[in-house]
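Here is the structure we will look at, set down as structure tokens.
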Amino acid sequence: MPPSSDHQSNPPALKGDANGVYRIRVIGNCGTGKSTLAAELSELLHLPLIKLDHIFWKPDRSWENVSDEEFDAELWRQAKEHEKTGWVMEGNYRKLTGKVTKELVTDIVWLDLPFPLYFFRLFIRTVRRILHLDSPPQVGCQENLAMAFASKDSILWIAITKHDVVRKHWEPLMAEDLANNSRGWTRIGGWGSQLRMWMKSVKELARSR
């Protein structure tokens, strides 16, 4: 019996390039679960994980970042090293990653979750990091009470102020890419069911590789 028309119309979970290689970016506002999802995709698809936070922040230097030139050089080194086999890249850094996204990324997964859901998660994660129960974004970049609750650089404040900014940045880029069929986009919203359904498709894709 031939597959149903509904089955035939379902797009693949990931687009990939002409050789079936996946170079995936995971984006979204602070606290939406980028790191968790990227790690799961890396494990499922057996792809190396590129963490932009680890490139941007100097290890053991207490929130000292590299220069734009250093960031760009290391980003391209890692991206080109595994270009032919694929990778998963996690993080935003919109102003610093435009070129590598345009030239190398095959798929963008955008976690666009409801603000109350991910802000609660972010609050819990921040408290756990302050208490040294969770790992910091980079070795030596430890969050503290003053940074979390009394600073303009507070990750919580950034999440509040960037919620709409993130959408306004990515929406036109997504529309342009989809119109040109230049890369795949998966925009995941909702309270969990959309993500679970998409991950089910990714697992099926992984089994077929």
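The model shown is predicted, which means the values in this text are computed figures rather than measured ones.
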Approximate separation, where rounding is to 0.5 Å, of [X] [atom1] and [Y] [atom2]:
{"X": "Gln138", "Y": "His54", "atom1": "CD", "atom2": "NE2", "value": "5.0 Å"}
{"X": "Ser35", "Y": "Asp53", "atom1": "OG", "atom2": "CG", "value": "7.0 Å"}
{"X": "Glu40", "Y": "Leu49", "atom1": "CD", "atom2": "CG", "value": "11.5 Å"}
{"X": "Leu205", "Y": "Leu45", "atom1": "CG", "atom2": "CG", "value": "6.5 Å"}
{"X": "Gln194", "Y": "Met197", "atom1": "CD", "atom2": "CE", "value": "10.0 Å"}

Where do Met89 and Ile24 land on the side-chain contact (heavy atoms from CB on, under 4.5 Å) test, with the steps shown first? CA-CA 6 Å; Met89 181 183 297; Ile24 306 163; over 6 Å; no
Look at the side-chain heavy atoms of Ile, Leu, Val, Met, Phe, Trp and Tyr, link any pair under 4.5 Å apart, and say whether [X] and [Y] land in one connected group.
{"X": "Val202", "Y": "Val105", "value": "no"}
{"X": "Ile55", "Y": "Trp87", "value": "yes"}
{"X": "Ile108", "Y": "Ile50", "value": "yes"}
{"X": "Phe71", "Y": "Val100", "value": "yes"}
{"X": "Leu173", "Y": "Leu14", "value": "no"}

For residues [X] and [Y], determine if any side-chain heavy atom of one lies less than 4.5 Å from a side-chain heavy atom of the other.
{"X": "Arg77", "Y": "Leu75", "value": "no"}
{"X": "Val21", "Y": "Thr85", "value": "no"}
{"X": "Asn92", "Y": "Leu52", "value": "no"}
{"X": "Leu47", "Y": "Tyr22", "value": "yes"}
{"X": "Met174", "Y": "Trp110", "value": "yes"}
{"X": "Trp63", "Y": "Pro137", "value": "yes"}
{"X": "Gln142", "Y": "His132", "value": "yes"}
{"X": "Lys15", "Y": "Thr106", "value": "no"}

Got a donor-acceptor contact below 3.5 angstrom from the [X] side chain to the [Y] backbone?
{"X": "Glu90", "Y": "Lys51", "result": "no"}
{"X": "Asn180", "Y": "Glu176", "result": "yes"}
{"X": "Arg121", "Y": "Gly33", "result": "no"}
{"X": "Arg167", "Y": "Lys162", "result": "no"}
{"X": "Thr126", "Y": "Leu122", "result": "yes"}

Not counting sequence neighbours, which residues clear salt bridge (Lys or Arg N to Asp or Glu O under 4.0 Å) with Asp17? List them please. Arg23
Atom [atom1] of [X]: over 12 foreign heavy atoms under 6.0 Å:
{"X": "Phe123", "atom1": "CZ", "result": "no"}
{"X": "Glu43", "atom1": "CD", "result": "no"}
{"X": "Phe149", "atom1": "CZ", "result": "yes"}

Indicate the atoms forming the closest heavy-atom contact of [X] with [Y], along with that distance.
{"X": "Ser151", "Y": "Met147", "value": "CB-O, 3.5 Å"}
{"X": "Ala148", "Y": "Ile130", "value": "CB-CD1, 3.8 Å"}
{"X": "Ile27", "Y": "Gly91", "value": "CG2-O, 3.9 Å"}
{"X": "Ala13", "Y": "Thr186", "value": "O-OG1, 3.7 Å"}
{"X": "Leu195", "Y": "Leu111", "value": "CD1-CD2, 4.3 Å"}
{"X": "Pro48", "Y": "His82", "value": "CG-CG, 3.6 Å"}

Output all residues satisfying ring-ring contact (aromatic ring centres under 6.0 Å, His included) with Phe115, sequence neighbours left out; order by chain, then residue number.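 Per chain and number, Phe115 pairs via ring-ring contact (aromatic ring centres under 6.0 Å, His included) with Tyr118, Phe119, His163.
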Enumerate the residue pairs fulfilling salt bridge (Lys or Arg N to Asp or Glu O under 4.0 Å) with a member in residues 187-203, sequence neighbours excluded, ordered by first and then second residue. Asp112-Arg187, Glu171-Arg187
Pair listing, salt bridge (Lys or Arg N to Asp or Glu O under 4.0 Å) test, anchored in residues 128-138, at least two apart: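 Residue pairs with at least one partner in residues 128-138: Arg128-Asp134, Arg129-Glu143.
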Restricting to pairs with a member in residues 177-199, which pass ring pair (Phe, Tyr, Trp, His ring centres under 6.0 Å), not counting sequence neighbours?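 Sorted result for residues 177-199: empty, none.
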Residues in side-chain contact (heavy atoms from CB on, under 4.5 Å) contact with Trp157, at least two apart in sequence or another chain: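 Once residues adjacent in sequence are excluded, the partners of Trp157 under the side-chain contact (heavy atoms from CB on, under 4.5 Å) criterion are Ser154, Ile160, Thr161.
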Could you walk me through whether Trp57 and Val66 pass side-chain contact (heavy atoms from CB on, under 4.5 Å), step by step? CA-CA 6 Å; Trp57 298 110; Val66 300; over 6 Å; no
Could you tell me if Thr97 and Arg25 have a donor-acceptor pair between their side chains, going purely by distance under 3.5 Å?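 Side-chain D/A pair, Arg25 to Thr97: present.
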Distance-only donor-acceptor check, side chains Glu204 and Ser201, under 3.5 Å: no
Assess whether side-chain contact (heavy atoms from CB on, under 4.5 Å) is satisfied between Asn29 and Lys34, documenting all intermediate values. CA-CA 8 Å; Asn29 201 9; Lys34 298 186 299 295; over 6 Å; no
